[in-house]
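Residue numbering restarts at 1 for every chain, and letters A, B, ... go by the order of the sequence lines. Remember, predicted model here, so these are calculated numbers, not experimental data.
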Amino acid sequence: MFYSTHDLVAIVPELILTGFAFAILLIDLWLPKRAKTINGLLALFGVVFSFASVLTMYNTNMTAFNHMIVMDKASNFASIVMLLTAFVSIVMSFDFLKREDYNLGEYYEVLLFSIVAMQILASTYSLIVMFIAVETLSIGMYILTGFLRNKDESVEGAMKYFILGSFASTFLVLGIGMFYGLFGSTDLNVIRTGLTHASALYKWLAILAFLFVFVGFGFKIAAFPFHSWTPDVYASAPTPMSAFMSVAPKAAAFLALLRFIVVGMGPIEANWTKILWVIAVVTMTFGNTVALWQKDLKRLLGYSSIAHAGYMLVGITAANELGYGSVMFYLFAYLFMNLGAFAVAEFISQKEDRGTEIENLRGFGYKYPLIGAAMLVFMFCLAGVPPTAGFVGKYYLFSAAVKSHLYWLAIIGVINSAISAYFYLNIVVIMYMKGEQEKEVNVFNSIPVKAVILITAICVLYIGIFPSSFLSAALNSVVF
Amino acid sequence: MTGYLVVSALLIAIGATGVMIRRNFMIVLMSLEIMINGAGLFLIAMSYYLGNVSGQVMFIFIAAVAASETAVGLAIAVMMYKKKKSIDINDFSILRK
Amino acid sequence: MKVILLFVILTPLIGFLINGIFGKWTKPFAGVIAASALGISFLLGLFPILSVLHGHIVEYTYFTWMPFKEVVIPFGLRVDYVSAIMLFVVTFVSWMIHIYSNGYMAGDKGYARYFSYLNLFVTAMLILVLGNNYLLMFVGWEGVGLASYLLIGFWFEKSTASDAGEKAFVVNRIGDAGFIIGVLYMVYYFGSVTYSNVFPRAEHVLGYGSTAATIIGIALFVGAVGKSAQFPLYIWLTDAMEGPTPVSSLIHAATMVTAGVYMVARSNAIYSLSPVAQEIVATIGAFTAFYAATMAITHKDIKRILAYSTLSQLGYMFIGVGIGAYWTGLFHLMTHAFFKGLLFLAAGAIMHSMRGLLSIDLMGGLRKYMPQTATVMIIASLAISGIPPFAGFFSKDAILGNALEMGHPIIWIVGEITAFMTAFYMFRMVFSVFYGEEKVEGLYHELHTHEAPAVMTIPMWVLAILSIIGGWVGIKMGGHVPIEWFVAHTAPTTEVAHEAHYSEILLMGISVTMGLSGILAAWLIYIKKIITAEKIANMFKPIYTLLANTYYADEFVYCCIVKPFWWVSTNFLWKIVDVIIIDKGMVDGTGWIAGRVGKGLRLFQTGFANNYAYWISLGIILLSSWYLFVKII
Amino acid sequence: MDINQLHFPILSVITFLPLVGAFVVALINEEHENLIKYVTLGFLVLDFVISLPLFFYFDPTTYHMQFVERVPWIKSLGFQYYVGVDGISLFLVLLTTFLTPLAQLSTWKAIDKKVKLFNITVLLMQTGMLGVFISLDMFLFYVFWEVQLIPMYMMIGIWGGPNRVFATMKFFLYTFAGSVMMMIAIMALYFLHHKFTGTYTSDMVKLMQSPLPYHLQLWLFLAFFIAFAIKVPMWPFHTWLPWAHVEAPTAGSVLLAGILLKMGTYGFLRFNLPMFPDMTHAFALLIIIMAIIGIFYGAFVAMVQPDIKKLVAYSSVSHLGYSMLGMFALTQVGVEGSIMQMINHGISTGALFLLVGIVYERRHTRLISEYGGLASLVPAYAVFFMIFTLSSIAVPGTNGFVGEFMVLLGAFLDKHIFGILVAFGGIFSATYMLTMYKRVFFNKVTNPKNLGLSDMSIREWLYLVPLLVFVFWIGIYPNAFLSKMRVSVEHLLKQVNRTTVVTPAKNEQVSMVKTVVVKKG
Amino acid sequence: MEGIMFYIISIITVGGGLGVLLSKNPYRAAMWMIFSFFGIAGLFVMLHAQFNAMLQIIVYAGAIAVMIMLVMMIMDRRMLESLERFNPQAYWPALIGLALLADLSFLAYKFKINMSNVGKNLTINGSNTQMIGEILFKHYLLPFEVTAIILLVALIGAVVLTKKDIS
């Protein structure tokens, strides 16, 4: 068993990012303080090149490293989502880091390594690789959460994230160990073959193993009851990183979960759909109802991301191609709306990344008409109102459920989106309908952030009105 | 086999309980180590009973991961200490509800 | 002819539009415009009437109004024997009253508005009369109701006037609901509402004595009850006297209120099929005739006396159409239009010169100041009391005679008693107002009471003449009564199996006796003062109180219907059902539950890292133990 | 078969022209308020003018969709941009293009803050509303259905009264909650249609012929029912309406009452009736009972309202009860009457809201008790108010009568008792409207604040007179409208009756027919 | 014989764990932890995983424990010792822990795998290390490389989180 350059081709996007990460690591040492932005630009280039390589190889279908890693449309689609997220987050970070006086090269390094981990997570068929990738990514995230280390919240967030993340990953290891014990391998295809012919006892044990593995993934995608870190971490992390965390790791984890579930757990579909049914329902309901009481924009988005994870679980629960495709599409749509919303949070944030209370948005729509309008679009998008990407995404998710005759799941889903409309619209209310802001609120007047807000808003609308090509791409991507 | 698995289960449960009931961050960290070792034991036991060395290889990865985790965990502990001169995790609970 | 007939309706409509839209500028000539519009209308109307007299029924369809799959409703006008009479009465009396109004309303600030309303009323009334189908009749039916509403509330700054207008409209709406139900049934059975389609097929489709005919008959009669103010929907009419007196004269005496009678006569083909419906019509008519007359006896307000008298007379008309002798109803309708119109005009003249005072207690000996008014008033009173050769005698006699002949002796008796009371209260009024002494010293002087101007007296005289000669068409000539013969072309008298034969002379004698004795009684009490009215009132105190308060009908309606209704609507339907149960409870409650769930779940997020770990562990335990312990074992 | 007799994408043009207008207005500087108003009005009037050929070129002899445009939209699922009108939607489209400019004209003075945003909102709303009525693709329909919620939400929330936030939230959430149920049903319909016919389509015209088994129709019907019943709003789903109406600015109320509510009734005609014929028959009685309750309940509650707008709002509940009643009577005249009633309600209630707005603009109160004796102060206004009141209480000669009579007749021909019961509804509508009229316009002027009231300005005349024309046009010559909807309604009823056509007398036979249908799928 | 060994080592392992769980003093807890790690290493040896046993001692008992001790060194000793031992509501989470134990033990009891190759294939030429090396570099190259990244990230992270304030 020997490796060839062929194997390296499959990880070109990862390699590019790794290369750039190392480049930053080295160049950072010689950069004077005022030129630290070059780090960011380098990271941006890395992302762009990686993105370009993903696009060039979009239709490739290859496996490498003893089937441990593949490059297929699914992984490429997920890569696109992650790289776009990374791109936007990096753009959002430029001025942010300058303002916070934390303009360190390490930020971008860790970020790039995390993306590498995510890409690997998204493109592997081996559970153990998944575990390592998840951990790499998690560690990156712990670090980025605590990056503003002089801030109480940051420390606390990182601490919680760390404890809970490690806690959950133990169960992931346990689950992987069980699969290994049962089937002698952690390769999903082997597991699938084994499961197809497995005895009832094996199947039963496999379900339990599935549960433990799911703890790990559930933690990453913030499914109830493994969600508890989400709001705290989102609220405490640097805003660009909250944005990043709410999309990219989720995209990777969802794709990994899809692979694990669809490929590995295919034979016991009947069982995991039931489990996921319950989890999806609880997750949506939890996220949405608790979000009703939030006062802080970032925290609200944290809860809302729990809810959105619930919606996406609906797509997986549906257990059909449409469902998987729509999960991917939803991730793609969610990218823009959530990043946009976080960008607005950044826009209103003060020094030390504070001041993201919703109340600070009072009269915002009139003071900043364009950005206000964009926020309006994001809010309606998150609530799932057409003509936005969020609506189309939700439509497909629920229609997948309906296709699998999971009517109640779909109904609970839409009821939830009606509940969610309340708190999203409440933001609109505050922006437009509560009169002027009394106190002086200094916004973060960063051109990149504004550009992000406007461009994501346009994208949200564009995808909402002309979803066709994106949708076919998403639907075609999940043919495993 | 059951014996090893039970030991593994005990370690995981003890570690989990530690995470749940202890307030000292360092001890939480240790509990996490114990947990992951319990899981690692499971893997090694599997490896032995299957007659497949992959499990042992995996344990190496897990050890590496655990080490990195600990490194970061300790960094966080230092942050906490710097911030509040305390590593009681209950002192860090302003983010809630 | 087609265009002429259309213009009979259009002319008042044009008058309405001119005065209504350009009222600000036409104000000085509003009366002239309106009256001349009516004059033209009347003259144009003569053409179709002549045509009918020559035996040609005039019917034209102008356009299809509402074409449905189930029924096609045309806009067409029809003048036949029945509507010819109505056309004549309506246009002529209206014309007279328009002229009269020129004098009566002079100086009012709503002069143009008044005439536009009046023209609107005539338009609607003509549509009612001339429409060739029930729905068009309904258009007119509601249209006159609307005009009546507007005119009653003409002096809208008086709250009694605006209340009365609303009351009239709403009460009429109850009747209208009945009417429309009748129309619906008609569509159901006939697939048409056009007279020429319905009547010839009525017997074939419905059958004699069928429930269907009864239902349609009763439903339509509910409409008539509302419009013609029969018991129990009469309550609006007395309040309607809040309007200007010419309006009372035109709408609430001469024309609109008789629409019900016209409609029943019009629908004779249906009523003749249903003895039950006929019985109901006649009974209600008789009851109202008597009931209203009792109330007229005690009232002191001239217009209200006349209003109750109108109710009573309308009751007579319903007796006429109810017993199946449709011509008698229409005959009385016509004569009543003349003399009752005249009575109101005369009352108006009195009011005019008394600056709006109306109570008979304030008057007396007015004859000297207003001789012409007094004369016409007496003529009209004689007519209404059924004294030959005045018009009322012939028509009333025809009704009562036919009632007996058709086998309704009780109705006849009631009718005769009512005739006595009619004469009594009419002459009570005449004697109190025109004869005797001035009751309030110096009042007339102070008010500069004088005779009405010519523009008012001339129409009065015209009507007075008609009140005398108008009934002569009811005299048997050449073997048949002209009016009966005329009407019977369209509304033949229902044939009765056992027709009783009574001596016509005897019946006439009884009627006249009743009338005369009524007058005599009034003379004895109010002129001779053999016994004072107060004494009688004291003798029958409870009855008197009851009558003076009009049987407490308004109070009853207010306390038992209106008030509970408002109370239930406000306190139960709105404040409890709508606001609390549905809105707060069901709608907001759902949201509230979601909020509570969120508030509860929020407690999970304690902020302590340990606690977060609980949930993860618990999740694992719950999920896995479901499979571990429940699923397998 | 689809026809586009103009060979010109007229429907798209009228739908998206306001959107273009919104962009144009967005580019104008906020300070040029008058320019903004004129440009907006210009676009709306232009839109109306362009929509007129729809009326004149409409072919009343066919039930097929006309002025059709069809472009693939979301290819992977077969959704299309498919628009067209038939005799049912034609008038609602025209009503929209007609009413919006008038509503906008009414805001000339009433909206004094954020004028630019307001006008953009109006234009966007126009696009959303038209889209709902022209969509023939379920998905497209749903998109528009929800899209128009947003501008309405903004309109109530930004320019509304003191309780606007609560009202607008309630409006949005309530209708949204209803329509997401419809979303599920739309999805289910899409997949079920595939199950029974083998093709995926969201083409409404095709779905109307979809053979759905009885038990599946039930749930789908209910889901659509909830969405539309809330929108209509039928009793007891109506409680958002008084809130929304009272708090909304005049133009908002006009559009809400005039057009948005019609979407509910229109939805029933487009979805529930033709797609679920069995359920339509099964539920007809229930819905009719609800409609009748609504008619009376709306009237009773309207009667005791202290606020003019709230009164008119409750009267809407009553009026739309008529519309629902006529529709579910399932007779030709009933359904036509229902459509007429929609148009009438748009005109007369819209006008009433405009009128309330006029006086509100001057006095900033809508409480009946604050007024009195207005007839002598503002006669022209009083006359307009009277005429629209009459139209609202269905006095013959006005449009209201035509619609109400048709509904009555339709209901009566279905079951006598319905017609008879509802015939009495007119009493109460007269009561509440006239009582209000009396208290506002009659009697003496008691409140000295009213003395300074000025009568209607030319602009106000300008937007009320067109409505007046329609009051009498429809009242006197309804055939102009009826003839155009005749064939479409006939076809609709044929669809509704398609399963019961097969010997309806015997239950077994009917169920046999149904099993055949099931097996086919 | 083996059975007895197993029990002794198990008791050491679990006892160490319990020591961590219960001791108030973190220094002592760290000692307990090392104790436990040695136990685990013993179990590894029993499971024919000699390489891992060494790894366990070097990495865990050595590196990690030392790191933990080091970090504790820089902290205030009194603070560390004065911290509350348990959470205020420590009882029901302890119950959760017991439930978890029951759950996992039952699972362990039920867990059955194919045991036809017990103890085989774990060595090449009697060397467990060589076998691991073969597999690691031939089969698990990718995860190995990724492990490099994770360590690097942890390194960077530890630096960036703890180094002195930049300003």
## Note on the structure
Cut-off 4.5 Å, heavy atoms of chain E, and the answer for Leu144(A) is neither

### Query
Are any side-chain N or O atoms of Asn128(E) and backbone N or O atoms of Phe51(E), one a donor and one an acceptor, separated by less than 3.5 Å?
yes

### Message
Please classify the contact between Glu135(A) and chain E as side chain, backbone, both or neither, with a heavy-atom cut-off of under 4.5 Å.
### Response
both

### Summary
So, the part of Val116(A) with a heavy atom under 4.5 Å from chain E: the answer is side chain

### Summary
Under 4.5 Å to a heavy atom of chain E? For Phe183(A) that would be neither

For residues 175-182 of chain A, please give each side-chain donor-acceptor pair under 3.5 Å, one per line with the distance, not counting sequence neighbours.
unit_1	atom_1	unit_2	atom_2	d
Tyr180(A)	OH	Asn52(B)	O	2.6
Tyr180(A)	OH	Asn52(B)	OD1	3.4
Tyr180(A)	OH	Gly55(B)	N	2.8

### Task
Check the surroundings of atom NE2 in His6(A): do more than 12 heavy atoms from other residues, nucleotides or ligands lie under 6.0 Å from it?
yes

### Task
Taking the side chain as every heavy atom from C-beta outward, state whether Val12(A) and Leu8(A) have any atom pair closer than 4.5 Å.
no

#### Entry: Heavy-atom contact with chain A under 4.5 Å, split by part of Leu155(E)
neither

### Task
Against chain E, label Ile132(A) side chain, backbone, both or neither, depending on which of its atoms sit under 4.5 Å from a heavy atom there.
both

### Message
Does atom CZ (Phe144(E)) have a neighbourhood of more than 12 heavy atoms from anything else shown, all under 6.0 Å?
### Response
no

### Query
Regarding Lys151(A) and the six-membered ring of Phe147(A), is the cationic atom NZ or CZ under 6.0 Å from the ring centre and inside 45° of its axis?
no

### Query
Judged by modelled atom types alone, do Ser116(E) and Asn114(E) share a side-chain donor-acceptor pair under 3.5 Å?
yes

#### Entry: Non-neighbouring partners of Arg77(E) that pass salt bridge (charged side-chain N to carboxylate O under 4.0 Å, His left out), sequence neighbours left out
Glu81(E)

### Message
I'd like to verify something: which residue of Leu201(A), Ile11(A), Ile143(A) has the highest number of heavy-atom pairs under 4.5 Å with chain E?
### Response
Ile143(A)

### Query
Side chain, backbone, both or neither: which part of Leu137(A) has a heavy atom under 4.5 Å from chain E?
neither

### Query
Given the options Ile139(A), Leu25(A), Leu174(A), which has more heavy-atom pairs under 4.5 Å with chain E than any of the others?
Ile139(A)

### Task
Examine whether an atom of Phe212(A) lies under 4.5 Å from a heavy atom of chain E, and if so say whether it belongs to the side chain, the backbone or both; otherwise answer neither.
side chain

### Message
Please rank Thr147(E), Val146(E), Leu104(E), Ile113(E) by heavy-atom pairs under 4.5 Å with chain A and give me the top one.
### Response
Ile113(E)

